[in-house]
Amino acid sequence: MPRVLIADDHPVYRDGLRLMLTSTGEVEVVGTARDGAEAVALAAELAPDVVVMDLQMPVLDGIEATRRVVSVAGAPSVLALTMHDDDESVFSAMLAGARGYLVKGADQDEILRAITAVAHGEVIFGPALAARVTRYFALLTGARPPEEEPFPQLTAREREVLELIAAGLANPQIAERLYLSPKTVRNNVSAIFAKLQVADRAQAIVRARQAGFGR
């Protein structure tokens, strides 16, 4: 059961989210924070698996708080949950180290899925943000035209992992082949799914083989 810290400066939303999550019996809320500075302190003290982080908070904003939370060894994953879905907020949270991003208004099931995903090292974004995130990664990697290089939004390492996924290798085999930890492979696989906008391994394999991977 993921252990969760909630950071939000609005007491009604913060307490409502705490009650909602606790009522599901699927996560344990270990604490709440009223601002970014308190979130950083409580993350160090309580060692949650996930920090659900608002971005607009007093004392220390959620972007800087995220950066500080994830900067230490064994840090929790951060899930941004905010009112703002503008590009600057989304990409600033990503660059700060958030592993997920949801807009307030997401329903209970969406929030629970996102918490579980980031707790297991996956990367997750709300459906409305997926295309923008993919375009952003394409720009970051200096993507060449698709006809020159399939999936230019992937990093070199992610392309290696996708090649082995397409060849039918499971995560433990990929980890052994590339001399990576299982967690690193899981993180790469999750990033690949997000960037290719596929729901699972089967869809990723189909897309990769259509592009010539795994042959």
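Here Gln210 contributes atom CD and Ile205 contributes atom CD1; the two are 12.0 Å apart, rounded to the nearest 0.5 Å. For the atom pair OG (Ser23) and CD (Gln108), the distance works out to 5.5 Å, reported to the nearest 0.5 Å. One distance of note links OG1 of Thr66 with CZ of Arg99; it measures 12.5 Å at 0.5 Å rounding. Distance check: Ile124 CD1 to Ser77 OG gives 12.0 Å after rounding to the nearest 0.5 Å. Distance check, rounded to the nearest 0.5 Å: OG1 of Thr155 to CD of Glu160 gives 8.5 Å. Rounded to the nearest 0.5 angstrom, His120 NE2 and Lys183 NZ are separated by 11.5 Å.
A donor-acceptor contact closer than 3.5 angstrom is absent between the side chains of Ser92 and Ser89. Checking Arg201 against Asn171 by side-chain atom types alone, a donor-acceptor pair falls below 3.5 Å.
Of all heavy-atom pairs between Asp9 and Gln56, the closest is OD1-O, 3.3 Å. Closest non-hydrogen pair, Ala114 versus Leu79, comes out as CB-CD2, 3.8 Å. Here the shortest heavy-atom pairing between Val50 and Pro76 reads N-CB, 4.1 Å. Minimum interatomic distance between Tyr101 and His84 (heavy atoms only, all atoms of both residues): OH-O, 2.5 Å. In terms of heavy atoms, Ala37 sits closest to Val59 at CB-CG1, 3.6 Å. The heavy-atom pair separating Val161 from Asn188 by the smallest distance is CG2-CB, 4.0 Å.
Counting heavy atoms of neighbouring residues, nucleotides and ligands inside a 6.0 Å radius, atom CD of Glu176 does not exceed 12 of them. With a 6.0 Å radius and a threshold of 12 heavy atoms from other residues, nucleotides or ligands, Met20 has its CE atom above the threshold. Within 6.0 Å of atom CZ in Arg3, more than 12 heavy atoms from other residues, nucleotides or ligands are found, so the atom counts as buried in its surroundings.
A heavy-atom distance below 4.5 Å is found between the side chains of Ile165 and Val189. Between Ser190 and Asn187 the shortest side-chain heavy-atom distance does not fall below 4.5 Å. Using a 4.5 Å heavy-atom threshold, the side chains of Asp54 and Lys104 count as touching. Within the 4.5 Å cutoff, side-chain heavy atoms of Ile192 are placed close to those of Leu154. With contacts defined as side-chain heavy-atom distances shorter than 4.5 Å, the pair Leu196/Gln153 qualifies.
In the hydrophobic clustering of ILVMFWY residues, with side-chain heavy atoms under 4.5 Å counting as a link, Ile115 and Val30 come out apart. Connection of Ile174 to Phe193 is established within a shared hydrophobic cluster, with ILVMFWY side chains joined at heavy-atom distances below 4.5 Å, either directly or through further cluster members. Leu5 and Val118 are assigned to two separate hydrophobic clusters, defined by single-linkage of ILVMFWY side chains at heavy-atom distances under 4.5 Å. Residues Val78 and Val90 are members of separate hydrophobic clusters, defined by side-chain heavy-atom contacts under 4.5 angstrom among Ile, Leu, Val, Met, Phe, Trp and Tyr. A continuous path of ILVMFWY side-chain contacts below 4.5 Å connects Val70 to Leu46, so both sit in one hydrophobic cluster.
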Would you sort out whether Arg159 and Glu163 count as a salt bridge (Lys or Arg N to Asp or Glu O under 4.0 Å), showing the intermediate values? CA-CA 6 Å; Arg159 294 175 68 81; Glu163 181 72 39; over 6 Å; no
Give the C-alpha distance, both sets of side-chain angles, the deciding distance and a yes or no for side-chain contact (heavy atoms from CB on, under 4.5 Å) between Glu28 and Val4. CA-CA 6 Å; Glu28 178 187 359; Val4 176; over 6 Å; no
May I have the step-by-step check of side-chain contact (heavy atoms from CB on, under 4.5 Å) for Leu21 and Leu112, ending in yes or no? CA-CA 8 Å; Leu21 292 176; Leu112 283 173; 3.9 Å; yes
Can you list the steps and then say if Leu60 with Asp35 is a side-chain contact (heavy atoms from CB on, under 4.5 Å)? CA-CA 6 Å; Leu60 189 70; Asp35 57 59; 5.8 Å; no
Show your reasoning for whether side-chain contact (heavy atoms from CB on, under 4.5 Å) applies to Arg68 and Glu64. CA-CA 6 Å; Arg68 296 187 189 185; Glu64 181 58 29; 3.0 Å; yes
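When atom types are taken as modelled, the side chain of Gln203 and the backbone of Ala199 share a donor-acceptor pair closer than 3.5 angstrom. A donor-acceptor pair under 3.5 Å links the side-chain atoms of Glu110 to the main chain of Asp107, judged by distance alone. Here the side chain of Arg14 pairs no donor or acceptor atom with the backbone of Ala7 at under 3.5 angstrom. Panel note: side chain Thr184, backbone Leu180; no donor-acceptor pair is recorded below 3.5 Å.
With Leu81 as the partner, the side-chain contact (heavy atoms from CB on, under 4.5 Å) test is satisfied by one option alone out of Ile111, Leu55, Asp8: Ile111. When each of Leu19, Ile6, Leu17 is paired with Val29, the side-chain contact (heavy atoms from CB on, under 4.5 Å) condition holds for Ile6 and for no other.
Geometric assessment of Lys195 against the ring of Phe151 yields a negative cation-pi assignment under the 6.0 Å and 45° thresholds.
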